[in-house]
Amino acid sequence: MLDNRNLRELIRRWRATPQSTVALFAEADAAIRATLATKERVLYPAVRDADEHRAGHVDAAIAQGRRIEAFLDSAARLGPEGQGFHDEAQDAASAMDGLLLHEQRDLRPALDHLSEDEQNRLDRDYEIAWVEESTRAAARHRV
């Protein structure tokens, strides 16, 4: 569920050059938004349920997600030719990298004690939510 290697690799490629930041914007935007929405639906409630003492970490992750979405919104409004587009896109990528690290360090340990059945259920719920959210995010770029 928290295997973020593909997203990290996409972000790395997206940040690599100004040209890749433009070329991969729609793909990165959709992947990041789908990831954020999926985690709000599945991961964050599971962490809250598993360990109420991590509620502050969950709240911080949700707030960081909102900041990331604001960076993406700003970059989208500016467009690739707009002054500040690359800065907003890079800020979104950097903030997402930070969020992924925060989740791994501060949220994931709350789920370590779940049974195998609970882990499997959570993984299934995550996969279902991911498909739904990624479809929504991709459709946003087709409009």
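Side-chain atoms are counted along with the backbone in the values below, which use heavy atoms only and exclude waters and symmetry mates. Worth saying up front: this structure is predicted, and the values here are computed from it rather than measured.
- V47 and L107 make their closest contact through CG2-O, 3.8 Å (heavy atoms, listed as atom of the first residue, atom of the second, distance).
- Residue pairs meeting the ring pair (Phe, Tyr, Trp, His ring centres under 6.0 Å) criterion with at least one member in residues 87-118, sequence neighbours excluded, are H57-H102.
- For N6, the CG atom is loosely surrounded, since the number of other residues' heavy atoms within 6.0 Å does not exceed 12.
- Rounded to the nearest 0.5 Å, atoms CG (L24) and CZ (R12) are 10.5 Å apart.
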Under 3.5 Å, sequence neighbours excluded: what are the donor-acceptor pairs made by side chains of residues 82-93?
| from | atom 1 | to | atom 2 | distance (Å) |
| --- | --- | --- | --- | --- |
| E88 | OE1 | S74 | OG | 3.4 |
| Q90 | OE1 | R15 | NE | 3.1 |
| Q90 | NE2 | T21 | OG1 | 3.3 |

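- Cluster membership for L122 and W130, using ILVMFWY side-chain heavy atoms within less than 4.5 angstrom, is not shared.
- V58 is connected to L36 through a chain of hydrophobic side-chain contacts under 4.5 Å among Ile, Leu, Val, Met, Phe, Trp and Tyr, so both are in one cluster.
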### Evaluation steps, side-chain contact (heavy atoms from CB on, under 4.5 Å), between L101 and D106
CA-CA 8 Å; L101 181 63; D106 299 321; over 6 Å; no
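- With rounding to the nearest 0.5 angstrom, the CZ atom of R41 is 11.0 Å from the OH atom of Y126.
- Using a distance-only test at 3.5 Å, with no hydrogens or angles considered, no donor-acceptor pair links the side chain of S134 to the main chain of A34.
- Scanning both residues, I32 and L7, for their nearest heavy atoms gives CG1-CD1, 4.1 Å.
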### Task
Go through L99 and R67 one step at a time and tell me if the side-chain contact (heavy atoms from CB on, under 4.5 Å) criterion holds.
CA-CA 11 Å; L99 177 58; R67 285 188 288 279; over 6 Å; no
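- A salt bridge does not link R108 to E103: none of the charged nitrogens lies less than 4.0 Å from a carboxylate oxygen.
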### Task
Go through the steps for T135 and E132 under the test side-chain hydrogen bond (donor to acceptor under 3.5 Å, both in side chains), then give the verdict.
CA-CA 5 Å; T135 300; E132 292 170 356; over 6 Å; no
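- The two residues F25 and A75 have their closest heavy-atom pair at CE1-CB, 3.8 Å.
- The list of salt bridge (Lys or Arg N to Asp or Glu O under 4.0 Å) pairs with a residue in residues 22-36, not counting sequence neighbours, reads D29-R33, D29-R140, R33-D73.
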### Message
Before you tell me yes or no, could you show the steps for T17 and S20 under side-chain contact (heavy atoms from CB on, under 4.5 Å), namely the whole-Å CA-CA distance, both residues' side-chain angles and the distance that decides it to 0.1 Å?
### Response
CA-CA 5 Å; T17 67; S20 65; 3.1 Å; yes
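- Between I128 and V42 the shortest side-chain heavy-atom distance does not fall below 4.5 Å.
- The minimum heavy-atom distance linking A137 with A30 is given by the pair CB-O, 3.4 Å.
- For R124, the salt bridge (charged side-chain N to carboxylate O under 4.0 Å, His left out) test picks out no residue, with sequence neighbours left out.
- Criterion: ILVMFWY side-chain heavy atoms under 4.5 Å apart, direct or through other members. Under it, I62 and L72 are part of a common hydrophobic cluster.
- For R66, the salt bridge (charged side-chain N to carboxylate O under 4.0 Å, His left out) partners two or more places apart in sequence, or in a different chain, are E40, E69.
- When only modelled atom types and interatomic distance are considered, T35 and T38 share no side-chain donor-acceptor pair under 3.5 Å.
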### Worked verdict on L111 versus L43 for side-chain contact (heavy atoms from CB on, under 4.5 Å)
CA-CA 9 Å; L111 305 177; L43 174 65; 3.6 Å; yes
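- Proximity of I68 to Q64: side-chain heavy atoms (C-beta onward) are separated by under 4.5 Å at one or more points.
- Looking at residues two or more places apart in sequence or on another chain, you find a salt bridge (charged side-chain N to carboxylate O under 4.0 Å, His left out) between R121 and D125.
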